[in-house]
Amino acid sequence: MDVLVFDLDNTLLDRDRAIDAYLRAWGAEGDSHAALIKIDDRGYADRSRFCNEVVRRLALPLNAHEFWQDMQSNLGSHCAPDPQRIALIERLKTRARVGLLTNGGAVNQRLKITNSGLNDVFDFIVVAGELGAAKPEREAFLACERWAAARYVMIGDHPEHDIAGATACGWKTIWVSNGRTWTGADRPDAQILDVGTVELALERLFE
């Protein structure tokens with residue numbers, strides 16, 4: 001049996017679209033908006049630096065910590081269902097168990113999952129903020145290993161969190177490049193431009 005485990009942000013979820021809408025709700029526009037999107041770096045940026053830059057550039061009436069708390073509570077409100085992603089998971093479930101493993105706080109990630117229409121499509125969901133362990137920690141991956149003798153595959157966009165972490169646990173890996181060049185240490189077993197082509201990658205991986 002195969003168990004396919006997906007990352008959420010920048011893999012199944014278009015986080016850039018969500019952060020774009022969230023910043024615009026705070027009044028970001030023009031050069032300031034573009035600069036903040038670049039600083040955010042798809043969510044990989046240092047959170048303290050990003051929050052301080054948002055507060056400074058937008059002259060917000062709150063400090064960086066308060067902005068971060070608001071972002072954790074409200075970013076998910078700017079997510080919406082993607083019928084193609086939901087259909088993808090439903091197709092994959094006809095041949096494998098399918099789960100979600102995501103880093104991040106419990107409230108923020110659960111809101112993203114719910115508003116993206118993904119809450120009921122997986123066989124299991126593991127949120128780091130609820131588990132108390134985050135990728136690439138081994139405990140995060142072990143929480144997904146619910147079937148003995150299964151082949152586990154991690155599908156995600158982060159070279160360290162998703163690919164290196166899963167590789168260390170003996171999983172197969174598929175890296176979602178989103179147009180980037182691979183720079184990690186542990187090369188993935190397969191590489192795709194976006195998650196929409198994962199089915200072909202899985203066929204080649206297990207042919």
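As the structure is a computational prediction, the values presented were derived from the model and not from experiment.
Remark: of the listed residues Val126, Asp123, Val127, Ile113, Ile113 is the sole one forming a side chain to side chain contact (heavy atoms under 4.5 Å, CB included) with Leu100.
Among residues at least two apart or in separate chains, salt bridge (charged side-chain N to carboxylate O under 4.0 Å, His left out) pairs with a member in residues 162-177 are Lys135-Asp162.
Atom CG of Asp31 sits in a sparse spot, with 12 or fewer heavy atoms from other residues, nucleotides or ligands closer than 6.0 Å.
Side-chain atoms of Arg85 do not come within 3.5 Å of backbone N or O of Pro83 as any donor-acceptor pair. Formation of a donor-acceptor pair under 3.5 Å by the Arg57 side chain with backbone atoms of Val54 is not found in this model. With hydrogens and angles disregarded, no donor-acceptor distance shorter than 3.5 Å links the side chain of Ser116 to the backbone of Leu118. Not one N or O on the side chain of Asp41 forms a donor-acceptor pair closer than 3.5 Å with the backbone of Gly43. For the pair Asn115 (side chain) and Gly76 (backbone), a donor-acceptor distance under 3.5 Å is present.
With sequence neighbours left out, the side-chain contact (heavy atoms from CB on, under 4.5 Å) criterion links Ile89 to Phe6, Leu12, Lys93, Val98, Val121, Phe122. Looking at residues two or more places apart in sequence or on another chain, you find a salt bridge (Lys or Arg N to Asp or Glu O under 4.0 Å) between Arg56 and Glu53. Scored by the salt bridge (Lys or Arg N to Asp or Glu O under 4.0 Å) test, Glu66 finds no partners at all (sequence neighbours excluded). In this structure Glu199 satisfies the side-chain hydrogen bond (donor to acceptor under 3.5 Å, both in side chains) test together with Arg91, sequence neighbours excluded. Scored by the salt bridge (Lys or Arg N to Asp or Glu O under 4.0 Å) test, Lys112 finds Asp9 as partners (sequence neighbours excluded). Considering only residues two or more places apart in sequence or on other chains, Thr102 meets the side-chain hydrogen bond (donor to acceptor under 3.5 Å, both in side chains) condition with Gln109. The salt bridge (Lys or Arg N to Asp or Glu O under 4.0 Å) check on Arg110 picks up Glu130, with sequence neighbours excluded.
You'll find the side chain of Phe141 stays beyond 4.5 Å of the side chain of Val5, heavy atoms only. No side-chain heavy atom of His65 sits under 4.5 Å from any side-chain heavy atom of Ser48. Residues Asp14 and Asp82 fail the side-chain proximity criterion, which asks for heavy atoms closer than 4.5 Å. Put simply, the side chain of Asp7 does not reach to within 4.5 Å of the side chain of His158, judged on heavy atoms.
Connection of Ile174 to Leu92 is established within a shared hydrophobic cluster, with ILVMFWY side chains joined at heavy-atom distances below 4.5 Å, either directly or through further cluster members. In the hydrophobic clustering of this structure, Ile86 groups with Leu4; members are Ile, Leu, Val, Met, Phe, Trp, Tyr whose side-chain heavy atoms approach within less than 4.5 Å, directly or through other members. Under a hydrophobic-cluster definition in which Ile, Leu, Val, Met, Phe, Trp and Tyr are linked whenever side-chain heavy atoms come within less than 4.5 Å, directly or via other members, Leu101 and Val107 are assigned to different clusters. Under the 4.5 Å side-chain heavy-atom criterion for Ile, Leu, Val, Met, Phe, Trp and Tyr, Leu8 and Val195 are members of the same hydrophobic cluster. Hydrophobic cluster membership is shared by Ile39 and Val55, with clusters built from Ile, Leu, Val, Met, Phe, Trp and Tyr side chains linked at under 4.5 angstrom.
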Anything under 3.5 Å between a donor and an acceptor, one on a side chain of residues 183-193, the other on a protein residue two or more places apart or in another chain? List them.
residue : atom : partner : partner atom : Å
Asp189  : OD2  : Thr173  : N            : 2.9
Asp189  : OD2  : Thr173  : OG1          : 3.4

Output a table of donor-acceptor pairs, distance under 3.5 Å, between side-chain atoms of residues 15-23 and any protein atom two or more places apart or on a different chain; print 'none' if there are none.
residue : atom : partner : partner atom : Å
Arg15   : NH1  : Asp40   : OD2          : 2.6
Arg15   : NH2  : Asp40   : OD1          : 3.2
Asp16   : OD2  : Arg42   : NH1          : 2.8
Asp20   : OD1  : Arg24   : NE           : 3.1
Asp20   : OD2  : His33   : NE2          : 3.0
Tyr22   : OH   : Trp26   : NE1          : 3.1
Tyr22   : OH   : Asp70   : OD2          : 2.6
Tyr22   : OH   : Met71   : N            : 3.1

Can you give each donor-acceptor pair under 3.5 Å made by side-chain atoms of residues 144-155, sequence neighbours left out, with the distance rounded to 0.1 Å?
residue : atom : partner : partner atom : Å
Glu145  : OE2  : Trp171  : NE1          : 2.7
Arg146  : NE   : Ala143  : O            : 3.0
Arg146  : NH2  : Ala143  : O            : 3.4
Arg151  : NE   : Asp2    : OD1          : 2.7
Arg151  : NH2  : Asp2    : OD1          : 3.0
Arg151  : NH2  : Asp2    : OD2          : 3.2
Tyr152  : OH   : Arg146  : N            : 2.9
Tyr152  : OH   : Trp147  : N            : 2.9
Tyr152  : OH   : Trp147  : O            : 3.0

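Of all heavy-atom pairs between Phe50 and Leu36, the closest is CE1-O, 3.5 Å. The two residues Glu139 and Ala133 make their nearest non-hydrogen contact at CB-CB, 3.7 Å. Summarising the geometry of Phe67 relative to Cys51, their closest heavy-atom pair is CD2-SG, 3.7 Å, with the distance given to 0.1 Å. The two residues Asn52 and Ala64 make their nearest non-hydrogen contact at OD1-CB, 3.5 Å.
Grouped with Trp182 in one hydrophobic cluster are Ile163, Trp175, the linkage being side-chain heavy-atom contacts under 4.5 Å among Ile, Leu, Val, Met, Phe, Trp and Tyr residues.
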The test is side chain to side chain contact (heavy atoms under 4.5 Å, CB included); show your working for Asn108 and Ser73 and say whether it passes.
CA-CA 6 Å; Asn108 191 29; Ser73 299; over 6 Å; no

Residue pair Leu202, Arg95: steps toward the side chain to side chain contact (heavy atoms under 4.5 Å, CB included) verdict:
CA-CA 11 Å; Leu202 287 166; Arg95 56 151 291 186; 4.0 Å; yes

